[in-house]
Structures are given as C-alpha cells and as structure tokens.
Amino acid sequence: MFFASLSKAKDLIVWSWTYLWAFWFILVAFVLFYLRGPLKISENLGMATMFLSTLTPKFYVALTGTSSLISGLILIFEWWYYRRYGMSFIEQVSLNHISPWLGGGEPPDSNTTSPPTVPECKVWRNPLNLFRGAEYLRFQTATKKEPLTYYDMNLSAQDHQTFFTCEADAGSKPEYEIMQTAWRERNPGARIKAAKEAIVLNPECATAYILLAEEEALDINEAEVKFKEAFRIAETNYRRSQQLQHQNQLMESQHRRDTNVMIYIRRRLAMCARKLGRLKEAVKMFKELAKEVPPIMNVLNIHENLLECLLEMGNYADVQAVLAKYDDISLPKSAAICYTAALLKARSVADKFSADVAGKRGLTVSEMAAVEAIHRAVEFNPHVPKYLLEMKPLILPPEHILKRGDSEAISYAFYHLTHWKRVDGALNLLHCTWEGTFRLLPYPLEKGHLFYPYPSCTECADRELLPVFHEVSVYPKKELPFFILFTAGLCSFTALLALLTHQYPESMGVIARTILMWVSAPLHYILEKADSVLPTSLLHLLSKM
C-alpha cells in the first residue's frame with residue numbers, strides 16, 4: 001500500500017513537471033518576489049555585489065585555475081570512457097539513471113554495474129585462418145609485432161577443447177589431459193613441449209600431431225607432412241571407434257571426437273594443397289568435406305574455402321552453383337557470400353562500365369543488377385570496400401571473425417582482393433557505386449534495408465580480435481559526444497581566463513566588474529518596476545485584506 005501511494009505520488013510529480021512547468025516557474029517567482037522583504041533578497045544581492053567588487057585579482061586567478069583543472073579532469077575521464085565504451089559517461093548516466101525518473105520510465109536495476117553492458121556478438125571461427133608456425137610466426141619474426149591477440153588465441157583454445165576432447169578421456173588418458181592444458185598455454189614453446197610429451201605417452205595421439213603441424217612447422221610443406229602423419233593416426237582411431245560407438249555413451253562421444261579430428265585434419269590438408277597451388281586437389285577435398293561435415297563442425301564454413309578455391313581457378317560456373325546452394329534466406333550470410341555474388345554480377349558488365357556514360361544514358365538492367373548486388377554486399381559489411389580499393393592497409397586475418405565486422409572484412413579482402421583485380425573493371429565499378437549504399441541507410445543502427453540493422457557491438461568485439469597496431473574500422477562513424485566538446489571548450493576558456501588574469505590583473509578586474517554590472521542591470525530594472533506596481537511584501541498585502 002505504501003509503495004503504491006509512493007508510486008502514485010511520483011507519477012503525479014512527473015506529470016506536473018511535464019505539463020505544468022511554466023505554472024511552477026511563475027509560482028516560484030511570485031513567492032520569491034513577495035518574500036523578498038523577509039528574505040532580504042535586495043540587501044543580500046547588494047552585499048554580494050559589494051563583496052565581488054572588493055575581490056582581488058588573485059581570487060579570480062585561483063577561481064579560473066581551479067575551474068580549468070576540474071574541467072580538464074572531467075575531459076580526460078570523458079575521453080577515456082568514450083574510447084573504451086564508445087559513449088559519453090555523462091550522457092550514459094543521464095539516459096539510464098536521470099531520464100527514467102524525470103520522464104516516468106522504469107528506474108534502472110540496482111544490481112547493474114556502472115559501465116555499459118556491451119551486447120554479445122557471436123564470434124565465428126575464420127574458415128581461412130592461417131597456420132601459426134608457417135605464417136603468423138614468420139610475420140611476428142619479421143616485424144616484431146604480435147599478429148594475434150590473447151583473446152583470439154583463447155577462443156581457438158576453447159574451440160580445440162570442444163572439438164578434440166570427450167568424456168571418455170577423463171582420467172584414463174593422460175595424453176589427452178596434457179593436450180587439454182597445452183591448447184591453453186600462452187607460450188608457443190610450452191604448447192609444443194606439451195604436445196611432444198603427449199606423443200611420448202601415446203604415439204597415436206592425433207591432436208598432438210595437429211598442434212605440432214600448426215605451431216612447429218615453419219612452412220606449408222612441413223605443415224602438410226605433419227598433418228598427413230596426424231591423418232594416418234586419426235584414420236586408424238576413427239575406424240576403431242566406429243566399430244565400438246554403439247556399446248555405450250562414452251564410446252559414442254569418443255567416436256564423435258575422432259570424427260571431428262578427421263574433419264579438421266582433412267580441411268587443413270585441403271588448405272595446404274590450396275596454398276601449394278594444387279587447386280583441383282583442394283577443390284575435390286573441400287567438396288567431399290562439405291558433404292560429410294557433421295553439424296558441430298558447421299562453424300568451419302567449409303563452403304567459403306570452396307568458393308575461394310573455385311575463384312582462384314576461374315571456375316565461375318561452379319562458384320555460381322555454390323552460391324545458389326548457400327546464399328539462402330534461411331542460412332547465415334557472410335561477406336564471402338555477399339561479395340562473391342556481387343563480383344559475379346559485376347563480371348558481366350564491369351569491363352564496359354563507365355560512370356560518365358551511365359550518368360548520361362542511365363543504367364542498363366544488368367548494370368542495375370550489379371549495382372544492387374554491390375549495395376547488398378556493402379550493407380552487410382561496409383568495411384570491405386576500403387580494403388578492396390586499398391584505401392586501408394591489410395593485415396594478417398585473425399583466427400576468429402565477427403560477422404559484419406572489421407575482422408571479417410580483413411579476412412575476406414586478404415584472400416579475395418586478387419579475385420577482384422582479376423576481373424577487369426570490377427574494382428572501378430565498386431569504387432563508383434559502393435558509397436551509394438549509405439544513402440539507402442541514413443540510420444543503419446536503427447533500420448536496415450535488406451538485412452537486420454547494423455549491430456552496435458562490432459567495434460568492441462573487433463578491438464578484442466584485432467592487434468593493437470591495426471586501426472579498427474568503425475561504422476557508422478561516431479561523432480564526439482557533446483559533453484566532451486563542452487568540457488574541452490570550458491577547460492580551454494577557463495585556462496585562458498586564468499592566464500589573462502594572472503598577466504593583466506587590473507584590466508581583467510575592470511572587465512569582471514563591468515560584466516557583473518551588465519548582468520545585474522536588467523535584474524535591478526525588473527525589481528524597480530515591480531516595486532512600483534506591486535506591494536512591498538506579502539504581510540503588507542495581508543494587512544489590507
């Protein structure tokens with residue numbers, strides 16, 4: 001009952017301030033005017049004016065210096081908060097804590113913490129991820145830069161533990177327990193040492209050979225040799241567990257683990273064949289894998305590997321067949337799907353396309369289809385064109401990507417830039433048309449055109465996935481919050497006042513007194529006019545009644 005009454009009182013106050021604020025203002029001004037005698041408002045204003053006129057320049061120096069310091073500290077905190085969370089702290093507090101009370105919304109949950117909760121974005125395994133030893137390590141050795149973040153490698157460790165472990169390993173197989181901890185090691189040397197220890201305990205530990213192929217091999221040829229050795233062992237383990245899978249649940253889980261190991265090794269062997277130029281062999285292996293892959297391994301997106309190999313071969317008919325199967329409304333989209341579809345549409349018109357001619361005569365049906373396909377692709381991932389057009393530098397792609405994010409754009413452009421260059425005029429058509437997408441999407445975070453609105457969490461997730469030396473692409477571009485600009489201006493202005501007051505105390509004192517006289521003059525004029533019309537006090541008015 002008490003809380004219901006309190007809620008009604010709160011709603012009444014909110015309603016009154018929403019619709020009757022002018023009445024409240026007039027009423028407060030009226031009461032203050034009639035109580036100016038007992039409150040001695042005029043005398044207090046006169047004393048305040050006299051006090052301000054007697055202040056020394058040192059006081060103004062201290063006042064402006066302190067104001068500049070405080071506003072500078074607020075500016076530094078606001079800037080740090082904006083860089084970390086992408087929004088202003090003052091605006092966040094106003095929207096989440098003050099506005100609900102003043103606007104009648106629900107009060108915020110007291111259990112929530114002060115930093116804003118970042119919406120969770122699903123991170124996917126990069127189907128085109130590189131080899132750590134043969135590629136990432138070579139880059140790190142040459143440039144002295146870390147190509148992978150700890151967050152990215154930790155996600156890979158979780159993937160390996162999910163794919164390569166099962167309930168049957170607990171307690172009975174120490175080599176698999178060693179491998180469980182090996183994937184989580186931050187130091188590559190420690191991971192390789194643990195894998196070798198597992199092989200000593202069990203020479204048929206296929207996952208240990210996988211780690212050595214990924215981490216220890218210094219080139220693709222060496223990695224392929226180690227993966228073939230791992231495949232030989234994994235195939236034997238797979239056939240053994242296949243015969244025993246129906247005995248109990250533990251054997252069934254072991255067979256699933258052996259299946260996952262087989263799929264992973266075959267995919268990496270196909271990628272080795274692709275990198276070594278054996279394209280037909282790689283295409284054949286990827287096609288077989290796409291048919292046999294179990295549901296848990298769908299996160300590998302093997303069809304994207306197949307698309308890239310077919311494009312490298314120039315087999316556009318098979319590319320179109322793959323797109324017809326996977327570019328479906330019920331399946332999750334990717335930059336590879338959308339931009340490959342745009343490339344095939346652009347391929348038929350790009351060599352003869354001219355922006356000047358198209359502007360005069362209009363677009364043909366095929367050109368319009370190509371432009372719409374480009375707009376569709378850019379709406380899905382707006383970061384890709386800058387990498388394809390070489391407006392931003394490319395880096396090595398991470399091991400995990402965020403759909404529609406900068407990490408996915410880097411991964412796509414890293415492999416597919418050569419395919420766009422191979423099609424005459426395709427990059428020119430992209431250059432002339434890609435920015436037109438943003439005219440269709442004036443508010444991408446609120447409403448999409450062909451896809452869902454662009455997620456607001458991609459920037460934070462991409463900063464975790466991509467190395468620190470890379471400048472993360474942000475869409476849409478964020479303007480600096482008002483309070484950062486306001487505090488920057490306030491800090492600069494008060495610092496300038498402090499400097500001028502310190503250098504020219506007499507002149508600044510005269511200016512300060514003149515400004516105070518200008519400000520107080522209208523107030524004195526209004527009080528004199530009011531005295532001539534209204535009674536001097538509320539008590540005098542009551543005595544006449």
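None of the values given here were measured: they were computed from a predicted structure.
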(request) Report the C-alpha separation of F414 and L128 in whole Å, then their side-chain angles, then the decisive distance to 0.1 Å, and conclude whether the side-chain contact (heavy atoms from CB on, under 4.5 Å) test is met. (result) CA-CA 9 Å; F414 186 84; L128 300 171; over 6 Å; no
(message) Applying side-chain contact (heavy atoms from CB on, under 4.5 Å) to Q180 and H160, what does each step give before you reach the verdict?
(response) CA-CA 8 Å; Q180 251 189 325; H160 293 144; over 6 Å; no
(message) Could you go through K275 and F131, starting from their C-alpha distance and side-chain angles, then the distance that decides it, and tell me whether this counts as side-chain contact (heavy atoms from CB on, under 4.5 Å)?
(response) CA-CA 11 Å; K275 292 176 183 292; F131 294 85; 3.5 Å; yes
(message) Evaluate Y387 against I395 for side-chain contact (heavy atoms from CB on, under 4.5 Å), listing each step before the verdict.
(response) CA-CA 10 Å; Y387 294 107; I395 62 171; over 6 Å; no
(message) Under the criterion side chain to side chain donor-acceptor pair (under 3.5 Å), I'd like the reasoning laid out for S156 against R125: C-alpha separation, chi angles, the key distance, then a yes or no.
(response) CA-CA 8 Å; S156 298; R125 182 80 178 178; 3.1 Å; yes
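For the pair H383 and R404, the minimum side-chain heavy-atom distance is 4.5 Å or more. Between I410 and V384, the closest side-chain pair of non-hydrogen atoms is not below 4.5 Å. With a 4.5 Å cut-off on side-chain heavy atoms, R376 and E372 do not count as touching. Side-chain atoms of E304 and Y326, non-hydrogen and from C-beta on, never get closer than 4.5 Å to each other. In this structure the side chain of P385 reaches within 4.5 angstrom of the side chain of V378, judged on heavy atoms. Side-chain atoms of P467 and L148, non-hydrogen and from C-beta on, never get closer than 4.5 Å to each other. Using a 4.5 Å cut-off on side-chain heavy atoms (C-beta onward), V283 and L310 make contact. Under the 4.5 Å side-chain criterion, counting only non-hydrogen atoms from C-beta, V322 is not in contact with K287.
With rounding to the nearest 0.5 angstrom, the CG atom of D258 is 12.0 Å from the CD1 atom of I233. The CG atom of L307 sits 12.5 Å away from the CD1 atom of I302 when rounded to the nearest 0.5 Å. Within the model, atoms CE of M368 and NE2 of H375 stand 9.0 Å from one another, a figure rounded to the nearest 0.5 Å. With values rounded to the nearest 0.5 angstrom, L276 atom CG is found 12.0 Å from M271 atom CE. A distance of 12.0 Å separates CZ of F139 from NZ of K144, quoted to the nearest 0.5 Å. Rounding to the nearest 0.5 angstrom, the gap separating the CG atom in N202 from the CD atom in E175 is 4.0 Å.
A donor-acceptor pair under 3.5 Å links the side-chain atoms of N237 to the main chain of E204, judged by distance alone. Judged purely by atom type and a 3.5 angstrom limit, N301 has no side-chain atom pairing as donor or acceptor with the backbone of P127. Side-chain N or O atoms of K392 include one that pairs as donor or acceptor with a backbone N or O of E471 at under 3.5 Å. In this structure a side-chain-to-backbone donor-acceptor pair under 3.5 Å is missing from D152 to P398. Under a 3.5 Å cut-off, the side chain of T149 and the backbone N or O of E464 do form a donor-acceptor pair. Distance alone, capped at 3.5 Å, is enough to place a donor-acceptor pair between the T433 side chain and the L429 backbone. Of the possible donor and acceptor atoms, none in the side chain of N260 sits under 3.5 Å from a partner among the backbone N and O of F164.
In terms of heavy-atom proximity, A213 sits nearest to A223 at O-CB, 3.7 Å. The minimum heavy-atom distance between F286 and C309, with the atom names listed, is CE1-SG, 3.6 Å. V349 and S366 get closest at one heavy-atom pair: CG1-OG, 3.2 Å. S241 and H255 make their closest contact through OG-ND1, 3.2 Å (heavy atoms, listed as atom of the first residue, atom of the second, distance). The shortest heavy-atom contact between I337 and L323 is O-CD2, 3.8 Å. In plain terms, the two heavy atoms of A206 and V261 that are nearest each other are CB-CG1, 4.0 Å.
Cation-pi geometry between K145 and F469 is satisfied (NZ or CZ under 6.0 Å from the ring centre, within 45° of the ring normal).
Legend: salt bridge (Lys or Arg N to Asp or Glu O under 4.0 Å) pairs involving residues 180-192, not counting sequence neighbours, sorted by first then second residue: R191-E215. The side-chain hydrogen bond (donor to acceptor under 3.5 Å, both in side chains) contacts involving residues 336-348 comprise nothing, where partners must be two or more places apart or lie in separate chains.
In this structure, R422 places its CZ atom where more than 12 heavy-atom neighbours from other residues, nucleotides or ligands lie under 6.0 Å away.
Classification of the H419-H416 ring pair by plane angle, with boundaries at 30° and 60°, yields perpendicular. Ring geometry for F227 versus Y264: interplanar angle of 30 to 60°, hence tilted.
Under the 4.0 Å criterion applied to side-chain N and carboxylate O atoms, R232 and E229 are assigned as salt-bridge partners. Using a 4.0 Å cut-off between a side-chain N of Lys or Arg and a carboxylate O of Asp or Glu, E312 and R274 qualify as a salt bridge.
For the salt bridge (Lys or Arg N to Asp or Glu O under 4.0 Å) criterion with R132, the lone passing option out of E214, E399, E146 is E399. When each of N154, D159, N129, N126 is checked for a side chain to side chain donor-acceptor pair (under 3.5 Å) with H400, only D159 meets the rule.
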